**Q** 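Once you've had a glance at the structure underneath, I'll fire off some questions.
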Amino acid sequence: MPAQSAAPADPHAGHTMPASQPAPVDPHAGHAMPPPSPARTGVDLPVGDAAPPPVIVDNLADQMFGSGPMQRARVTLENEHGGSRISKVQADLLEWAPDGERYGWEVEGWYGGDINRLAIKTEGEGASREGVEAAEVQLLYSRAVSRYTDVQVGLRYDLEPRSRTYATLAVDTMLPYWFEAEGAVFLSSKGDVLARVEGSYDLRLTQRLILQPRAELELAAQDIPESDIGSGLSTGEFGLRLRYEIRREFAPYIGVAYERAFGDTGRLARAHGEAVESTRFIVGLRAWF
């Protein structure tokens, strides 16, 4: 058998190993470290009292083209970017109910700028064989008080069922999630106080197909026997309309509308042998220009 090879010799054999050095002492041991100071921003710095920089009055364009032509150019630019006057006419409802041969409309037009406008509104309804049953016109001054809210004041004049003039105070607004809402209070020349609240929402099924739930409530502060109106909540209309926008400005629609008289107004309708509620299918057009 061959002899086994000897284990290699330890190179440290016979030498004394030095003792390990102690770890250095932490000078902060036993002391709590303060948290790091947050970075100071402009709002944390003390308010200074230095004078603001001077307003720049000289302009290179004025030196090249003259101050007169440049001032006229600035006025034109201001008018084209926020100061211009524009107009719009929109028919929210132009509809006809084939089953009862009834029709109705709700149209609004305005002229003005971003802040101040003159608005004209008209709405009404009637029957093909009986003519116009209710019609009104409103002339309003409209002022924007926030990005999505206008306050309107003016006059309302009823043509049917009888002539009457009202002072009008209204609010037209866009609520969160794009709910359109409008409320108005009317004070007649005879002291009658009426109110109207309406709202709608456009549910876009596609880019062109829109389903619109819509509601309108009429209220009165007192009984008005000559108009068959009782105090409190008088009438309400709830509709569902499906429109197709051939163009944004031109959209035919179909739908259904439910109308009901409430409270004292309903009792007056029953006393005259009239229906308290009705449901009608409608076809119509929504357009603007």
Side-chain angles (χ1 to χ4, degrees), residues 79-98 102-126 132 134-157 159 168 170-184 196-217 237-257 280-289:
N79 290 334
E80 292 178 349
H81 293 270
S84 59
R85 299 292 182 265
I86 55 177
S87 62
K88 182 180 181 180
V89 176
Q90 177 167 320
D92 283 327
L93 301 177
L94 289 175
E95 58 191 32
W96 180 57
R102 298 188 60 82
Y103 56 86
W105 73 89
E106 187 170 323
V107 182
E108 177 181 357
W110 54 262
Y111 171 80
D114 295 334
I115 305 298
N116 302 298
R117 295 177 179 177
L118 177 65
I120 300 177
K121 302 180 181 180
T122 177
E123 64 179 83
E125 61 181 359
V132 177
E136 69 179 55
V137 178
Q138 298 182 39
L139 180 62
L140 306 169
Y141 163 69
S142 179
R143 180 174 177 84
V145 295
S146 68
R147 180 173 297 181
Y148 300 111
T149 302
D150 291 355
V151 173
Q152 302 172 336
V153 294
L155 296 175
R156 163 186 162 184
Y157 180 71
L159 291 83
T168 302
V171 176
D172 193 346
T173 185
M174 178 80 73
L175 299 176
Y177 303 101
W178 305 104
F179 284 91
E180 294 188 16
E182 183 176 353
R196 177 184 298 152
V197 180
E198 56 184 298
S200 63
Y201 178 72
D202 284 352
L203 179 61
R204 293 192 171 271
L205 305 179
T206 68
Q207 288 295 320
R208 295 182 180 272
L209 195 62
I210 295 96
L211 182 65
Q212 184 191 69
R214 185 185 185 95
E216 179 177 330
L217 300 175
E237 182 177 333
F238 309 92
L240 195 63
R241 294 167 174 84
L242 180 67
R243 71 176 184 266
Y244 181 80
E245 294 183 343
I246 299 174
R247 298 180 58 185
R248 296 302 184 195
E249 305 92 337
F250 188 85
Y253 63 82
I254 59 173
V256 60
R280 62 184 186 274
F281 295 95
I282 50 180
V283 294
L285 175 68
R286 183 180 188 268
W288 58 269
F289 61 90

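For reference, positions follow the sequence shown, starting with 1. Nothing here was measured: the structure is a model prediction, and the numbers come from that model.
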**Q** Run the numbers on Glu180 and Asp172 for side chain to side chain contact (heavy atoms under 4.5 Å, CB included), then give the verdict.
**A** CA-CA 8 Å; Glu180 294 188 16; Asp172 193 346; over 6 Å; no

**Q** Taking side chain as C-beta onward, heavy atoms only, is Val171 less than 4.5 Å from Thr149?
**A** yes

**Q** Flag the pair Asp150 / Arg143 as yes when at least one side-chain heavy-atom distance between them is below 4.5 Å, and no otherwise.
**A** no

**Q** Count the heavy atoms belonging to other residues, nucleotides or ligands that lie under 6.0 Å from CG of Leu118, then report whether that count exceeds 12.
**A** yes

**Q** Heavy atoms, side chains only, cut-off 4.5 Å: are Arg241 and Glu95 in contact?
**A** yes

**Q** Taking Arg208 for the side chain and Glu245 for the main chain, is one N or O donor matched with an acceptor at less than 3.5 Å?
**A** yes

**Q** Mind listing the side-chain donor-acceptor pairs of residues 281-289 below 3.5 Å, one per line with the distance, residues two or more places apart or on another chain?
**A**
residue	atom	partner	partner atom	Å
Trp288	NE1	Arg248	O	3.0

**Q** Which residues satisfy the side chain to side chain contact (heavy atoms under 4.5 Å, CB included) test with Glu216, sequence neighbours excluded?
**A** Glu106, Glu123, Arg196, Glu198, Glu218

**Q** With a 4.5 Å cut-off on side-chain heavy atoms, are Leu159 and Tyr157 touching?
**A** yes

**Q** With rounding to the nearest 0.5 Å, note down the distance linking CH2 in Trp178 to CZ in Arg204.
**A** 11.0 Å

**Q** With side chain to side chain contact (heavy atoms under 4.5 Å, CB included) as the criterion, how do Thr168 and Gln138 come out once you've worked through the C-alpha distance, each side chain's angles and the decisive distance to 0.1 Å?
**A** CA-CA 8 Å; Thr168 302; Gln138 298 182 39; 3.9 Å; yes

**Q** Test of understanding: with salt bridge (charged side-chain N to carboxylate O under 4.0 Å, His left out), list the residues that count as partners of Arg147, not counting sequence neighbours.
**A** none

**Q** Under the salt bridge (charged side-chain N to carboxylate O under 4.0 Å, His left out) test, which residues partner Glu182, sequence neighbours left out?
**A** Lys121

**Q** Measure the OG-CD1 distance between Ser142 and Ile115 for me, rounded to the nearest 0.5 Å.
**A** 10.0 Å

**Q** Rounded to the nearest 0.5 Å, what separates atom CG in Leu140 from atom CZ in Arg156?
**A** 11.0 Å

**Q** Out of curiosity, Leu94 CG to Trp105 CH2, how far, rounded to the nearest 0.5 Å?
**A** 10.0 Å

**Q** Compare all side-chain heavy atoms of Leu203 with those of Ile210 and state whether any distance is below 4.5 angstrom.
**A** no

**Q** Looking at residues at least two apart in the chain, or sitting in another chain, which of them share a side chain to side chain contact (heavy atoms under 4.5 Å, CB included) with Ala215?
**A** Phe238

**Q** Can you tell me how far apart CD (Glu125) and OH (Tyr103) are? Round to the nearest 0.5 Å.
**A** 9.5 Å

**Q** List the atom of Gly113, the atom of Arg85, and the distance in Å for their closest heavy-atom pair.
**A** N-CD, 4.0 Å

**Q** I want to check something: taking the side chain as every heavy atom from C-beta on, are Leu205 and Leu242 in contact at a cut-off of under 4.5 Å?
**A** yes

**Q** Please name all residues satisfying ring pair (Phe, Tyr, Trp, His ring centres under 6.0 Å) with Phe179, sequence neighbours left out, ordered by chain then number.
**A** Tyr201

**Q** Check the pair Lys88 / Glu249 against salt bridge (Lys or Arg N to Asp or Glu O under 4.0 Å), numbers first and verdict last.
**A** CA-CA 11 Å; Lys88 182 180 181 180; Glu249 305 92 337; over 6 Å; no

**Q** Would you call Ile86 and Trp110 a side-chain contact if the rule is heavy atoms closer than 4.5 Å?
**A** yes

**Q** Could you state the interatomic distance from CZ (Arg117) to OH (Tyr111), rounded to the nearest 0.5 Å?
**A** 12.0 Å

**Q** Would you say the side chain of Asp202 lies within less than 4.5 Å of the side chain of Arg243, judging by non-hydrogen atoms?
**A** yes

